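A short write-up of the structure that comes next.
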Amino acid sequence: MPELPEVEAVKEGLNQLIRHKTIQSVDVLWDNLILGDSTRFKQMLVNQQIETIGRRGKFLIINLTDFQLISHLRMEGKYDYYRTEIPSSKHNHVFFHFIDGTSLVYNDVRKFGRLQLVNKGMALEQPNLRKLGPEPLGDAFTLNYFIHALKKSRGLLKPVLLAQNIVVGLGNIYVDESLWQAQLHPKRAANQLTNKEYQRLHQAIISVLSLAVEMGGSTIRTYKNALGEAGQFQQHLHVYGRTGLPCDRCGQPIEKIKLNGRGTHFCPRCQSLNNDFLDS
DNA sequence: TTGAGTGTTGTCGA
DNA sequence: ATCGACAACACTCA
């Protein structure tokens with residue numbers, strides 16, 4: 001489900017809903033969602049107060065009195081907030097009960113998500129967070145940085161952009177959309193673009209993600225933010241889920257291929273493997 | 001009915 | 001070290 005824009009929307013919702021609330025108890029119905037010992041996880045959270053909720057890449061970071069709770073939604077993780085009774089669902093797996101009687105429930109159909117409690121200040125020191133690249137909408141994501149990073153990289157454009165070590169936040173939807181916007185084939189060698197192409201790609205990533213954040217993300221099948229609201233960026237998709245439909249730029253039917261196991265959508269005319277002529 | 005496909009990423013083997 | 005395949009799991013669709 002969630003790429004950067006969706007996680008950002010969840011973060012915003014959680015900040016509205018659970019800031020300053022104090023946890024009374026925690027229930028875990030599927031231990032594999034918890035990294036580390038789930039008994040300790042439940043114990044340590046009692047009496048912790050929520051300060052603020054942040055985001056790093058696709059990770060949510062819930063800042064507590066003495067700890068940080070790292071939460072990754074992976075494919076289908078969601079948070080639901082309830083003021084009264086919690087409707088029964090076979091996919092509700094983790095329950096945070098607050099002293100005011102309200103609850104935050106982690107729901108995950110596929111159980112791929114992960115929750116990890118670490119000491120305050122240690123979230124960004126975890127190995128998987130430490131190797132993340134810069135935020136695409138932050139100051140560190142400069143064109144110069146991006147060019148140098150991609151020139152050092154090996155492999156094909158799309159897999160390299162999905163790896164999160166050069167820039168965070170892109171997933172299968174937004175990488176396809178960014179490559180369409182930049183008119184680059186997903187199988188181009190990532191270290192062999194022209195400077196003009198690097199510039200187009202850099203700009204495309206920023207503009208696609210900015211608009212998607214503004215629209216509250218994309219709701220393709222099931223995504224909802226913590227307030228229960230759908231995203232609206234799906235109205236703006238040009239290639240993802242548009243296989244066979246005419247390209248919005250040139251009319252050629254959108255193609256779908258498999259690239260490293262991921263469905264990959266692109267326009268075979270606008271995003272040719274040999275499109276150097278676009279720079280002339 | 002069965003198999004393929006689904007928004008992610010950590011791990012494993014070459 | 002790096003890259004691709006696979007696993008974690010449930011559900012939908014052809």
Side-chain angles (χ1 to χ4, degrees), chain A residues 1-11 28-36 38 55-60 70-79 89-94 106-116 126-133 149-179 186-187 189-191 208-209 212-213 215-226 230-244 255-265:
Chain A
M1 161 179 65
E3 305 176 33
L4 183 148
E6 291 77 27
V7 179
E8 179 67 18
V10 171
K11 183 199 85 177
V28 177
L29 303 189
W30 187 260
D31 282 343
N32 287 351
L33 292 172
I34 312 298
L35 290 178
S38 76
R55 179 188 60 73
R56 178 72 177 98
K58 304 176 194 172
F59 292 84
L60 288 165
I70 306 170
S71 170
H72 200 298
L73 306 172
R74 293 283 182 97
M75 293 288 267
E76 298 227 46
K78 288 170 197 57
Y79 281 103
S89 159
K90 64 192 291 195
H91 305 303
N92 286 344
H93 305 305
V94 183
Y106 180 71
N107 177 294
D108 191 338
V109 168
R110 298 178 70 181
K111 300 174 177 165
F112 284 179
R114 291 294 179 266
L115 291 160
Q116 182 184 16
Q126 303 307 302
N128 51 345
L129 294 188
R130 208 167 30 189
K131 65 187 174 198
L132 294 176
L150 282 180
K151 282 195 167 162
K152 275 188 296 186
S153 77
R154 258 169 272 268
L156 307 181
L157 205 40
K158 172 163 173 173
V160 163
L161 292 173
L162 285 177
Q164 308 296 304
N165 55 342
I166 291 189
V167 61
V168 296
L170 294 170
N172 209 37
I173 295 176
Y174 297 108
V175 77
D176 282 2
E177 293 300 315
S178 297
L179 290 171
K187 292 174 94 163
N191 60 1
V208 166
L209 290 177
V213 166
M215 305 300 289
S218 303
T219 294
I220 304 299
R221 304 166 353 87
T222 61
Y223 166 76
K224 294 260 194 333
N225 69 22
Q232 294 304 319
F233 188 78
Q234 64 274 16
Q235 319 281 350
H236 300 265
L237 296 175
H238 293 289
V239 282
Y240 187 87
R242 299 195 67 246
T243 312
E255 274 186 22
K256 182 175 181 183
I257 61 172
K258 199 128 210 156
L259 183 46
N260 287 4
R262 311 299 304 278
T264 296
H265 315 71

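Just so we're clear, the structure is a prediction, and the values are computed from it rather than from any experiment.
- Of the two residues near DNA chain B, A:T264 and A:L162, the one whose nearest nucleotide lies more 5' is A:T264.
- You'll find that the side chain of A:R154 is closest to C:dC3, out of C:dC3, B:dT8, C:dA10.
- Closest to the side chain of A:V109, out of C:dA10, B:dG7, B:dT9, is C:dA10.
- Atom CD in A:Q116 sits about 20 Å away from atom P in B:dT8, given to the nearest Å.
- To the nearest angstrom, C1' of B:dG10 lies 9 Å from CG of A:N128.
- Residue A:H91 has its side chain nearest to C:dC11 when only B:dG10, C:dC11, C:dC9 are considered.
- For the OP1/OP2 pair of C:dA8 and a distance below 4.0 Å, the side-chain nitrogens and oxygens of A:N32 include no atom meeting the criterion.
- Distance from the side chain of A:R262 is smallest to B:dT9 among B:dT9, B:dG10, C:dC9.
- Rounded to the nearest 0.5 Å, atoms CG (A:L115) and OG (A:S38) are 11.0 Å apart.
- In this structure, of C:dA10, B:dT8, C:dC11, it is C:dA10 that holds the atom nearest to the side chain of A:R110.
- Atom pair A:Y174:OH and B:dT6:P shows a separation of 17 Å (rounding to whole Å applied).
- Note on A:Y240: only backbone sugar-phosphate atoms sit closer than 4.0 angstrom, heavy atoms only; bases stay farther off.
- For B:dG5, one of the phosphate oxygens OP1 or OP2 lies less than 4.0 angstrom from a side-chain nitrogen or oxygen of A:K258.
- Counted by atom type alone, A:K158 and A:N172 present one or more donor-acceptor pairs between their side chains at under 3.5 Å.
- Rounded to an integer number of Å, the gap from A:N260 CG to B:dG5 P is 15 Å.
- A:D176 and A:Y174 share no side-chain donor-acceptor pair at under 3.5 Å.
- Residue A:F112 places its side chain closer to B:dT8 than to any other of B:dG10, B:dG7, B:dT8.
- With both ends at atom P, the span from B:dT1 to C:dC9 equals 24 Å, rounded to whole Å.
- The side chain of A:H72 places an N or O atom within less than 4.0 Å of a non-bridging phosphate oxygen (OP1 or OP2) of B:dT9.
- Going from the P atom of B:dG10 to that of C:dC11 covers 25 Å, rounded to whole Å.
- A:K187 meets the salt bridge (charged side-chain N to carboxylate O under 4.0 Å, His left out) test with no other residue; sequence neighbours excluded.
- A:L33 places its CG atom 15 Å from the C1' atom of B:dT9, with the value rounded to the nearest Å.
- Proximity note for A:Y223 (side chain, C-beta onward) versus B:dG5, B:dG7, C:dC9: the nearest is B:dG7.
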Can you give me every donor-acceptor pair (side chain of residues 232-240 of chain A, partner residue at least two apart or in another chain, under 3.5 Å) with its distance?
| unit_1 | atom_1 | unit_2 | atom_2 | d |
| --- | --- | --- | --- | --- |
| A:Q234 | OE1 | A:T219 | N | 2.9 |
| A:Q234 | NE2 | A:G231 | O | 2.9 |
| A:H238 | ND1 | A:D248 | OD2 | 2.7 |

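- Spacing between atom NZ of A:K78 and atom C1' of B:dT6 amounts to 12 Å, rounded to whole angstrom units.
- Between A:H72 and A:F59, the distance from one ring center to the other falls under 6.0 angstrom.
- Once rounded to the nearest 0.5 Å, the distance linking CG of A:L132 with CG of A:N165 reads 9.0 Å.
- Taking atom C1' on both B:dT8 and C:dA1, the two are 23 Å apart, rounded to the nearest angstrom.
- Checking A:S153 against A:N191 by side-chain atom types alone, no donor-acceptor pair falls below 3.5 Å.
- The distance from atom CG of A:N172 to atom P of B:dG7 is 4 Å, rounded to the nearest whole Å.
- Where DNA chain B pairs in unbroken runs of 3 or more (Watson-Crick or G-U, both distances under 3.5 Å), the stems are B:2-6 with C:10-14, B:8-14 with C:2-8.
- Counting to the nearest Å, the P atom of B:dT6 and the CG atom of A:D108 are 18 Å from each other.
- The backbone N or O of A:G169 sits less than 3.5 Å from a side-chain atom of A:Q164, completing a donor-acceptor pair.
- Considering only side-chain N and O atoms, A:K256 lies nowhere under 4.0 angstrom from the phosphate OP1 or OP2 of B:dG5.
- Using a 4.0 Å heavy-atom distance criterion, A:R114 is classed as making no nucleic acid contact.
- Spacing of C1' atoms, B:dG7 relative to C:dT2, comes out at 25 Å, to the nearest Å.
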